[in-house]
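We use all heavy atoms of the structure for the numbers below, so side chains are in, but hydrogens, waters and symmetry mates are not.
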Amino acid sequence: MIKLAKEKLRNAANAVIEKVQKTLQEPEVRKANTEQIKKKARTSVLEKLAANKKRVAEENAARKKTKTKYHDRDSL
């Protein structure tokens, strides 16, 4: 009895998976999902780029400050 129930559940789950996969493979749905992924990926990449640019600018500013300190010591 339990084996039969497990088998029915497994078959039902497989049927649902097949339906979902079939729906996701339809050209309209697939294109919409692809565009959504591209938008999310694009914003993620742009955010990382902006964060790295900010970090580099801060590092360069810190380097310039330390260079001027050494320069002032040499001129004394």
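For the residue pair Asn33/Arg30, the side-chain donor-acceptor check at 3.5 Å is not satisfied.
Two residues are said to be in side-chain contact when any heavy atoms from C-beta on lie closer than 4.5 Å; Ser44 and Lys48 meet this criterion.
Rounding to the nearest 0.5 Å places CD of Gln25 at 11.5 Å from NZ of Lys22. Distance check: Asn52 CG to Glu59 CD gives 9.5 Å after rounding to the nearest 0.5 Å. The line from CD1 of Ile37 to CZ of Arg42 is 12.5 Å long, rounded to the nearest 0.5 Å. Distance CD/Glu7 to CD1/Ile2: 14.0 Å, rounded to 0.5 Å.
Hydrophobic clustering of Ile, Leu, Val, Met, Phe, Trp and Tyr side chains at less than 4.5 Å, counting indirect connections, unites Val16 with Leu24. Hydrophobic clustering of Ile, Leu, Val, Met, Phe, Trp and Tyr side chains at less than 4.5 Å, counting indirect connections, unites Val20 with Val29.
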